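Worth knowing before you read on, the calculation uses all heavy atoms, side chains too, and leaves out hydrogens, waters and symmetry mates. Quick caveat: nothing in here was measured; it's all calculated off a predicted structure.
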Number of protein chains: 2
Amino acid sequence: MTDAKMPRMTRIQQKNRDLIMDGALNVFSANGFRGTTIDQIARSAGLSKPNVLYYFSSKDDIHKTLLTELLDMWLAPMQQIDPAGDPMSEVLGYVAAKMRMSRDYPRESRLFAYEILQGAPHLTQILGGGLREIVDRTVMVLQGWMDDGRLARTDPRHLIFSIWSMTQHYADFEIQVRAVLGRGRDPFDEGQAFLDQMYRKLLTP
Amino acid sequence: MTDAKMPRMTRIQQKNRDLIMDGALNVFSANGFRGTTIDQIARSAGLSKPNVLYYFSSKDDIHKTLLTELLDMWLAPMQQIDPAGDPMSEVLGYVAAKMRMSRDYPRESRLFAYEILQGAPHLTQILGGGLREIVDRTVMVLQGWMDDGRLARTDPRHLIFSIWSMTQHYADFEIQVRAVLGRGRDPFDEGQAFLDQMYRKLLTP
DNA sequence: CTTGATCCTGACCGTTTGGTCAATAATTCA
DNA sequence: TGAATTATTGACCAAACGGTCAGGATCAAG
């Protein structure tokens with residue numbers, strides 16, 4: 001689904017577009033859209049500014065492409081929840097997966113955080129459309145488990161919000177977290193342990 | 001502590017500085033620091049750009065002043081936790097207070113969210129200094145309650161992180177929350193109910 | 001090697017932006 | 001009232017920024 005749509009893509013095109021996406025992710029996630037210049041992206045990608053604009057028509061184009069390319073990967077963990085699995089394991093597994101995302105892909109987390117904060121100018125369709133459907137599907141699964149008495153009753157949608165906010169907090173506000181915890185501690189390990197305990201307690205029937 | 005330090009402040013100065021602070025809060029919280037122009041602040045305040053720069057020396061100055069002026073108010077709820085009060089009520093009261101802040105002061109929430117996301121260029125001192133002390137004090141109180149068996153054991157610092165992230169999520173990512181919930185629902189009321197239930201369950205010994 | 005397509009860049013352009021300043025208006029107060 | 005202080009603004013500047021373009025370099029294929 002990723003690259004099959006454009007068979008006529010040179011190795012150079014492939015490589016440079018990848019470089020630009022990575023550079024753009026660096027800069028956008030650190031400075032937001034308005035705080036990012038094409039020059040910074042070019043420098044981070046190791047290319048010249050006009051060369052960047054040879055592959056993408058505008059800064060907006062880069063940003064939009066980056067968001068849409070990363071969205072699937074970003075939402076993947078929720079879609080891997082298995083309705084046939086053990087409820088507690090599935091939920092805790094999802095929490096752990098999201099926590100791993102925050103640790104391993106903080107740039108992506110911040111990129112989306114900026115976008116939503118900004119009012120999601122490039123994601124409005126997805127927010128009201130695809131995302132809601134994905135959430136609804138998960139809500140059904142959770143609701144089913146609760147109806148079966150295999151999970152304590154809670155509002156499934158706010159449960160999802162809580163997982164999103166708490167896991168992404170460790171990536172988006174990492175500086176604050178580290179400042180409060182001090183040195184020599186691993187925010188992600190500790191956070192993972194805390195969340196595991198928290199959701200086990202909350203969701204045990 | 002707020003205005004007593006500068007007795008020689010005209011009514012006009014007082015009024016215009018307030019207008020600028022409010023306009024700046026509007027624009028900064030919506031667009032972030034780099035996404036904000038002095039012209040936008042001036043327009044939102046109903047003043048001209050040079051007039052804004054008559055009261056503040058630079059855009060940076062406006063931003064810094066705004067952050068420091070709002071910080072106390074932002075951290076107030078945590079300092080109102082009463083070590084002599086009932087543990088569960090105090091914690092749930094704090095959660096409710098933070099939730100009310102998200103509903104009533106979403107601009108402030110987003111302002112700080114942008115700042116932390118950005119790497120807190122204007123708050124580094126406060127993050128490593130004052131904030132940590134305030135948190136430490138609260139951590140002591142919580143730890144005491146847990147040691148006395150009046151609250152279930154958890155990591156107090158990560159408990160605080162969870163409260164911050166979940167309550168502020170409803171302000172910072174309000175667009176996403178509303179998109180997922182759909183119309184006709186009150187995110188803040190529902191969120192408050194969810195959090196109340198969640199923390200009651202988590203913290204009951 | 002030749003040719004056509006792809007790739008790359010220095011120089012450039014118009015606009016936006018943070019900030020300045022001299023001049024004018026309004027306010028304060030003796 | 002009148003002088004001194006404070007408040008306000010249009011015009012302006014230099015730097016930064018998004019984006020363009022003509023022309024040259026590189027590459028793939030016959």
Side-chain angles (χ1 to χ4, degrees), chain A residues 3 5-67 111 114-115 118 121-122, chain B residues 3 5-67 111 114-115 118 121-122:
Chain A
D3 305 323
K5 58 183 171 184
M6 213 166 184
R8 304 208 178 199
M9 173 112 62
T10 318
R11 263 163 294 169
I12 297 179
Q13 282 175 349
Q14 193 66 258
K15 184 196 67 173
N16 282 351
R17 286 181 73 99
D18 286 354
L19 283 175
I20 293 169
M21 286 293 101
D22 190 66
L25 180 54
N26 281 335
V27 189
F28 280 136
S29 67
N31 306 109
F33 182 78
R34 298 286 306 267
T36 292
T37 72
I38 303 182
D39 248 325
Q40 289 176 303
I41 297 175
R43 219 172 302 134
S44 178
L47 303 172
S48 69
K49 185 172 77 162
N51 203 13
V52 167
L53 287 166
Y54 172 74
Y55 290 100
F56 293 89
S57 63
S58 67
K59 181 176 150 185
D60 231 81
D61 185 23
I62 301 175
H63 191 240
K64 202 172 182 175
T65 306
L66 185 62
L67 280 174
L111 180 78
Y114 269 118
E115 180 65 9
Q118 192 82 1
H122 285 153
Chain B
D3 305 325
K5 58 184 173 184
M6 214 166 185
R8 304 208 178 199
M9 174 112 63
T10 318
R11 263 162 294 170
I12 297 179
Q13 283 175 348
Q14 193 68 257
K15 186 195 65 175
N16 282 351
R17 286 181 73 99
D18 286 354
L19 283 175
I20 293 168
M21 285 293 100
D22 191 66
L25 180 55
N26 281 334
V27 189
F28 280 136
S29 67
N31 306 110
F33 182 78
R34 299 286 306 266
T36 293
T37 72
I38 303 182
D39 248 326
Q40 288 176 305
I41 297 175
R43 219 173 301 132
S44 178
L47 302 173
S48 69
K49 185 173 76 163
N51 204 12
V52 167
L53 287 166
Y54 172 75
Y55 291 101
F56 293 89
S57 63
S58 66
K59 181 176 152 186
D60 232 79
D61 185 23
I62 301 176
H63 191 239
K64 202 173 183 176
T65 306
L66 185 63
L67 281 174
L111 179 78
Y114 269 118
E115 180 65 9
Q118 191 82 3
H122 285 153

field: Protein-nucleotide distance (A:Asn31, atom CG; D:dC17, atom P), rounded to Å
entry: 11 Å
query: OP1, OP2 of C:dT6 versus side-chain N and O of A:Asn16: anything below 4.0 Å?
result: no
- prompt: Within this structure, what is the CZ-to-C1' distance between B:Arg11 and C:dA26, rounded to whole angstrom?
  reply: 13 Å
- prompt: Once each nucleotide of nucleotides 9-19 of chain C is scored for protein heavy atoms under 4.0 Å, what B/S/- sequence comes out, 5' to 3'?
  reply: BB------SBB
- request: Could you check how far CZ of A:Arg43 sits from P of D:dG18, rounded to whole Å?
  value: 11 Å
- request: Round to a whole Å and report the spacing from CE of A:Met9 to C1' of C:dA5.
  value: 17 Å
task: Consider only side-chain N and O atoms of B:Ser44 and B:Asn26, and report whether a donor and an acceptor are under 3.5 Å apart.
output: yes
task: Kindly compute the distance separating CG (A:Leu67) from CG (A:Leu111), expressed to the nearest 0.5 Å.
output: 5.0 Å
query: Rounded to the nearest 0.5 Å, how far does OG of B:Ser58 lie from NZ of B:Lys64?
result: 9.0 Å
field: Ring-face cation contact, A:Phe56 with A:Arg17, 6.0 Å cut, 45° max
entry: yes
Between CG on residue B:Leu25 and CD1 on residue B:Ile62, distance to nearest 0.5 Å: 12.5 Å
statement: d(B:His122 NE2, B:Thr65 OG1) to nearest 0.5 Å is 9.5 Å
- prompt: Rounded to whole angstroms, how far apart are CG on A:Asp61 and C1' on D:dG18?
  reply: 13 Å
query: Phosphate oxygens OP1/OP2 of D:dT6: is one of them under 4.0 Å from a side-chain N or O of B:Tyr55?
result: no
task: For B:Ile12 and D:dT9, give me the distance from atom CD1 to atom P, rounded to whole Å.
output: 12 Å
d(CD1, B:Ile20; C1', D:dA7) in whole Å: 12 Å
message: From CD of A:Gln40 over to P of D:dA16, roughly how many Å is that when rounded to an integer?
response: 12 Å
message: Is the distance from the ring center of B:Tyr114 to that of B:Phe33 below 6.0 Å?
response: no
message: For a quick test of reading the model: is some side-chain N or O of B:Gln13 closer than 4.0 Å to OP1 or OP2 of D:dA7?
response: yes
